[in-house]
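Numbering of residues begins at 1 and proceeds along the displayed sequence.
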Amino acid sequence: MTDSNRIPLEEVEKDLRFLKLLSNNFPTISDASTEIINLEAILNLPKGTEHFLTDLHGEYEAFQHVLKNASGVVRRKVEDIFGNSLRESDKMELCTVIYYPEEKLEIVKKEESNIEDWYRITLHQIIEVARMVSSKYSRSKVRKSLPSDFAYIIEELLHESQQEPDKHDYYNSIINSIINVHRADEFIIAICKVIQRLTIDTLHIVGDIYDRGPGAHIIMDTLCAYHDFDIQWGNHDVLWMGAAAGNMANIANVIRISLRYGSLETLEDGYGINLLPLATFAMEQYGDDGCHCFKSKINDEEVYKDKTLKMMAQMHKAISIVQFKLEGQIINRRPEFDMSSRNLLSDINLEKGTVVVDGVEYPLNDKNFPTLDASNPYELTQEEQDLMEKLVHSFKNSEKLEKHIRCLYSKGSLYLTRNSNLLYHASIPLNSDGSFKTVSILGNQYKGKDLLDVLDKLIRVAYFEDSESDVYEYALDYMWYLWCGVDSPLFNKSKMATFERYFISDKESHKEKKGEYYHLINEEKVCDMILEEFGLSPQHSRIINGHIPVKTTKGETPVRANGKLLVIDGGFSKAYQSETGIAGYTLIYNSHGLLLVQHEPFQSAEDAISQGHDIISTTKILEFNALRMRVRETDRGVELVGQIKDLQKLLVAYRSGLIKEKK
């Protein structure tokens, strides 16, 4: 503890202006002293649990379930408390109540013959679980997490034990009163949500909330209401952020991907994006075209009629051609992006039905281009221009989308350093010798941390800057480059072969050469170099990123470079699970160490509620410390120590008469 008597008076005088402001919050010696005592106590509490997830890709049911069960932490708490005193089926049911209290209560009330007895047993059990998960936090923090309706009652039950003879009747009378006044349902729901809240202290989303799955908007709703979280933007997130800012190429990409995966719920139901103009345009231009190359990747085609599938394919093709034109316009006006080789529309020979890619001529497997002008292939037709203006208006005027994008900005960044972990979604551009690659931005050269810092600012300019500024126009175009550019830390490949996958059968043309980062990152010295670049000690730090699914079926592992790098994209998205063989990784960093959790595919919330089926997870201990890490040893602890020193200076100012107490 800092001794206020040892703080030199001249140091206090230097900070007097700040200390006068601080005195408004702590107007007396007693107030400042009490806060110091409180902060010192917090420093000695166990570190809160951090939960890391990445590449959610709209799979909202799996995401919400992993939040509810905290990657198996809740089940382990139940096991620790009840062990052999409960049957496996009873422990499974208790976990289901904690995960889905509202839904499970409806089922129980229909099936239980003695509901009051069930209430009594369940209330005792969930209070025990709540007591365990709250034990590592201060009473003040626990109190702030309690619902106002039951705050007093829950606090009493958490801190009173029925094992004490003098408290036994008091404790049980509270339980009985809750049941007798018909508030058991509401109370169970409230305390289960407290358990969920306290099991995870901080949530880190290491990129890619959007695309492929049906419920990115539901994930964002959950996050925007979450108690403490941060996001490291992924390429799919930045794609949507650019679309919300009005970048037409980003908008076209967003719609194309939604149609490719047959997942329009986020666009239409979540954000109210009107796709009728696109459907009308597609039918007019491609009404006689089967658009077989643009068939959506839908898991269950039986839910769609043939006519609907055909219309989706036509919309898919229509927006794809518009996308290639819009991308060509950006490439032509930004020669500094060095992407002229991706302007493939000008390399199409309509008469021969071929296209030249990287010097090789390939036959096209789709030769119908009714909107393509060979003399000016990147000019939109008037109908395409009208369509895009309507879509831009729809994206920029969606209130829900604006709310979610602002949340992405306020809680997000390209990278984060926290408690000796460096978090970013995809990569840091590197040269073949392992050195940081220099990238030109607005005529200036950047690399390593400086590159990510300037790109972070550019991403914010694209959404918040005055649209009349030259920097804004560049930033808006760069939002597209971040999606598919060679030197983008969010992409970092030789090309995005979207055109080739649609129009060329030869899969050799589909290959996307990965940047040097993906080859070199398995080397410990490269990871050490990156960690040092971001101000972290290589001896005690690690990199956490996603973006590239870990294919366990091919023997790949998420732990690389002797533990310095953890790649935790294991396939949350159902589109990847056939390749990865699993349904994602999550990380748990608690006061005892670091746990890697591998998940099996999640069936559905309905199945979890009705059958009690949890996600099957395998936990691997990466680090374990018998002595628990304290708050003092975390980044938050450093902040609190700084606050204590400021308060100590305030005490000196009060006691020396530099500032008078406000009685």
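Looking at residues two or more places apart in sequence or on another chain, you find no side-chain contact (heavy atoms from CB on, under 4.5 Å) involving Asn625. Applying the side-chain contact (heavy atoms from CB on, under 4.5 Å) criterion to Ser134, with sequence neighbours excluded, gives Val142, Leu158, Leu198. The side chain to side chain donor-acceptor pair (under 3.5 Å) search around Ser537 returns Gln539, not counting sequence neighbours. Partners of Glu533 by side chain to side chain donor-acceptor pair (under 3.5 Å), not counting sequence neighbours: none found. Remark: Arg560 engages no residue in a salt bridge (charged side-chain N to carboxylate O under 4.0 Å, His left out) (not counting sequence neighbours). With sequence neighbours left out, Pro429 forms a side-chain contact (heavy atoms from CB on, under 4.5 Å) with Lys437, Leu451, Pro489. For Arg143, the salt bridge (charged side-chain N to carboxylate O under 4.0 Å, His left out) partners two or more places apart in sequence, or in a different chain, are Glu155. Residues satisfying the side-chain contact (heavy atoms from CB on, under 4.5 Å) test with Asn421, not counting sequence neighbours, are Phe52, Leu423, Arg542, Ile544, Tyr589. Evaluation of the salt bridge (charged side-chain N to carboxylate O under 4.0 Å, His left out) rule for Asp635 yields no partner, not counting sequence neighbours. Partners of Tyr415 according to the ring-ring contact (aromatic ring centres under 6.0 Å, His included) rule, which considers only residues two or more places apart in sequence or in another chain, are Phe534. Remark: Glu532 pairs with no residue by the salt bridge (charged side-chain N to carboxylate O under 4.0 Å, His left out) rule, at least two apart or across chains.
Sorted by first and then second residue, the ring-ring contact (aromatic ring centres under 6.0 Å, His included) pairs involving residues 619-650 (not counting sequence neighbours) are His592-Phe624.
Between Tyr171 and His124, the ring planes are tilted. Angles from 30° to 60° get that label. Relative orientation of the Tyr481 and Tyr478 rings is tilted, given thresholds of 30° and 60° on the angle between their planes.
Annotation: cation-pi geometry not satisfied between Lys91 and Phe82 (NZ/CZ under 6.0 angstrom from ring centroid, within 45° of ring axis).
For the 3.5 Å distance criterion, the side chains of Thr222 and Gln64 qualify, holding a donor opposite an acceptor. Using modelled atom types, one finds no donor on one side chain facing an acceptor on the other under 3.5 Å when comparing Lys68 with Thr199. Under 3.5 Å, the side chains of Asp208 and His425 contain a donor-acceptor pair of N or O atoms. Between the side chains of Ser420 and His540, no donor N or O sits under 3.5 Å from an acceptor N or O.
Salt-bridge formation is detected for the pair Arg131/Glu128: a Lys NZ or Arg NE/NH1/NH2 atom is positioned less than 4.0 Å from an Asp or Glu carboxylate oxygen. The existence of a salt bridge linking Glu639 and Arg636 is confirmed by a sub-4.0 Å separation between a basic side-chain nitrogen and an acidic carboxylate oxygen. Salt-bridge annotation for Lys449 and Asp453: present, with a side-chain N of the basic residue lying under 4.0 Å from a carboxylate O of the acidic one.
Side-chain contact check for Thr438 versus Tyr446: every heavy-atom pair is 4.5 Å or farther apart.
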